[in-house]
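First comes the structure, then the notes that go with it.
Keep in mind that what you see is a predicted model, and the values were worked out from it rather than measured. Chain identifiers are assigned alphabetically (A, B, ...) following the order of the sequence lines, protein sequences preceding nucleic acid strands; residue numbering begins at 1 within each chain.
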There are 2 protein chains.
Amino acid sequence: MSQSVSSRQPVTLAEVAREAGVSPSTVSRILNGTAQVKAAKVAQVKAAIEKLGYKPNAFARSLATGASGSVGVLTQDIASPFYGDALGGIESGLMGSGYSPLIISGHWRTDDEEHAIELFMSRRVEALIVLGGHLPEHELRQLAQQLPVAILGRRVDLPSAGSISLALDNQRAAYDVVNYLLDRGHRRIGHLSGPRDHADALARLAGYRQALEDRGFPFQPGLVVQGDFHEPSGLIGTQQLVAQHPDMTAIFSANDQMAYGARLALYRMGLRVPEDMSLVGFDDLPGSAYTTPPLTSVRQPMAEMGHWLARFVVAQLTGQEITPFQPQLELRLRESVAPRRLP
Amino acid sequence: MSQSVSSRQPVTLAEVAREAGVSPSTVSRILNGTAQVKAAKVAQVKAAIEKLGYKPNAFARSLATGASGSVGVLTQDIASPFYGDALGGIESGLMGSGYSPLIISGHWRTDDEEHAIELFMSRRVEALIVLGGHLPEHELRQLAQQLPVAILGRRVDLPSAGSISLALDNQRAAYDVVNYLLDRGHRRIGHLSGPRDHADALARLAGYRQALEDRGFPFQPGLVVQGDFHEPSGLIGTQQLVAQHPDMTAIFSANDQMAYGARLALYRMGLRVPEDMSLVGFDDLPGSAYTTPPLTSVRQPMAEMGHWLARFVVAQLTGQEITPFQPQLELRLRESVAPRRLP
DNA sequence: CTGTTAGCGCGTTCAA
DNA sequence: TTGAACGCGCTAACAG
């Protein structure tokens, strides 16, 4: 019945109008439900649309209305399981809102991030969701004056109402982890830390240190090895830690990926987890519930946060209210920690 | 010096022209390098752009030129480590080409995928990259008549030059895996298969079966348990397999995630890998090199494939040549397989 | 309820 | 080398 010749040139609204014998505005009204139109014409127009295979041109529409219907999402690594969860949450939060995400990766490189912002602005995104990254705060603040900005994983002061930054108390979570270990009798606890220029990594290190000191155990720099948040650095760091501290009974890794590296290093050295060495990670990656043994880790509700942030910006855009949300870090107790065996 | 008041309304090219005391066309020419413009005016215009904080409106430009500069990328799950790698490759393949990706997830649901396509068309993407999914072939073919289409992970006949589908020989790889196991003396090999409606899963099962039969071992349906490509199904399937087949000495999982589940099930049952049970996965996820023991798996060069596909569509769009690419599946031998111990 | 008229911001003729 | 005028496809204001 309805056959559209695969024409090279897309069909326009005007052509539909001509085909249906009505004016362009009428077609537009039907498309957008802007006004009542007689049923007969509606039918004609719908038939014409079907026959011609008409697809509205989003650019023309955006140009005319001044609304792009898209929100920019700046992530750091499109393949990251960590940010991936947040992206999934954002997608679901945007679903049905009429807005669609425009996702670009910044690769933790400021100039990549700047390019992304430029692309967002030239594409006239109506709001921005930023996952981590290194964009200078003043730039974020300036953006927040132009459109709703929602930031995940960084604490940024956004004076503008309509914008927000959602960050978790990494230091507190790390503090809790170390106390948990201390409570189980561990005294010499190694720490695989993250990059020095990464705020979360620093916060976790600070929590580690503070917990120790609050309990009266001096902080020993030698028990901290710096990694880069990837598996190999965890593996190497662990080898080093074990070699230098034979009496170490637990390792707290600043993220799960490095904990995986640590796990393998221990396996190679013939050390059992948790009997010989307790291990705690951070992030609770999907795979962490299936390592052997399942890894005790700190869960960050990335998907929920992403979802809420998406709903937040939509609420700003549509002038709705949104119930506040206080995400919580949660220590997922699994099987990679055991009480210290007395010597 | 250059202060742009954070005006609500974006600056337009016309305003820049007025500020610089030239005509809009001149500004346009400078922006696009379309023609020679006197140095003095160039300076004035650049100053005006700077002063006003002008950002070109991509919609208006697209409307005028008829080119959107974007390529649609249909993935299935934005948080999937598997497709994530491909997305990363696509990003890098597009980098510097002037095109930017518009990424939407189809969630393996045909109607979500249809919506994504609609959004792509209304956003006038100039090419399409499709990662897996369930879109009917005829629809893909029809799309391929309108624009370059590159498909990953499905073998689809695209008569149109300018389009392509890149798929790996999953059956062959599975065949090789099982032969590898057979060569190591394993005779009762279990298989954790994937969803019945998933072409790759079926191909892997077929390879498993064919390898067995080609070597003179009858295919036993009881040794196959169907999963859903996620960890829990691998765990449960393995428990079931082990309970029903105490003489089984190896498990071939149709993907790594299920293999992780299997690994944990074996751990819970006190079975060692690889001493008591050999285990092989498929996909070679980033984490698979760090499981204990590291998992032998089939690597799919997702990032490379994504990269090449991106370059392919860009080549189509710009009328360049591109060197062909034949991706290869590769069995990554690690430590989760051991020769069968004689009883 | 519907058609006509003006733009939306930009690129691109066509003259000058 | 530059400007004026027109059009890309669509929505919105204004009549009728």
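Put simply, the side chain of B/Thr318 gets close to the backbone of B/Val314: a donor and an acceptor are under 3.5 Å apart. The main-chain N or O of B/Gly89 is found under 3.5 Å from a side-chain atom of B/Ser92 such that the two form a donor-acceptor pair. Within the 3.5 Å criterion, the main-chain N or O of A/Pro148 finds no donor-acceptor partner in the side chain of A/Gln316.
No hydrogens or angles considered: a donor-acceptor pair under 3.5 Å links the side chains of A/Ser23 and A/Thr26. Defined by atom type and a distance below 3.5 Å, a donor-acceptor pair is present between the side-chain atoms of A/Glu91 and B/Ser105.
Other residues, nucleotides and ligands contribute more than 12 heavy atoms inside 6.0 Å of the NE2 atom of B/His107. When the shell of 6.0 Å around CZ of B/Arg124 is examined, it contains more than 12 heavy atoms from other residues, nucleotides or ligands.
Distance CZ (A/Arg18) to P (C/dT4): 13 Å, rounded to an integer number of Å. What separates CG of A/Leu63 from P of C/dG11 is a distance of 12 Å, to the nearest Å.
The C1' atoms of five pairs define one axis at each end of the helix from C/dC1-D/dG16 to C/dA16-D/dT1, and these two axes lie 40° apart (to 10°).
Here A/Thr26 reaches the OP1 or OP2 of C/dG3: one of its side-chain N or O atoms lies under 4.0 Å away.
Ionic pairing of B/Glu118 and A/Lys55 is not present here: no N-O contact between side-chain nitrogen and carboxylate oxygen is shorter than 4.0 angstrom.
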Worked verdict on A/Ile164 versus A/Phe325 for side chain to side chain contact (heavy atoms under 4.5 Å, CB included): CA-CA 11 Å; A/Ile164 200 170; A/Phe325 171 59; over 6 Å; no
How would you summarise protein contacts on nucleotides 10-16 of chain D per nucleotide, using B for base, S for sugar-phosphate only and - for none, with heavy-atom distances below 4.0 Å? BSBB---
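When each of B/Val73, B/Val125, B/Val71 is tested with B/Leu102 by the rule side-chain contact (heavy atoms from CB on, under 4.5 Å), just one qualifies, namely B/Val125.
For the contact set between residues 37-46 of chain B and DNA chain C, defined by any heavy atom under 4.0 Å, there are no members.
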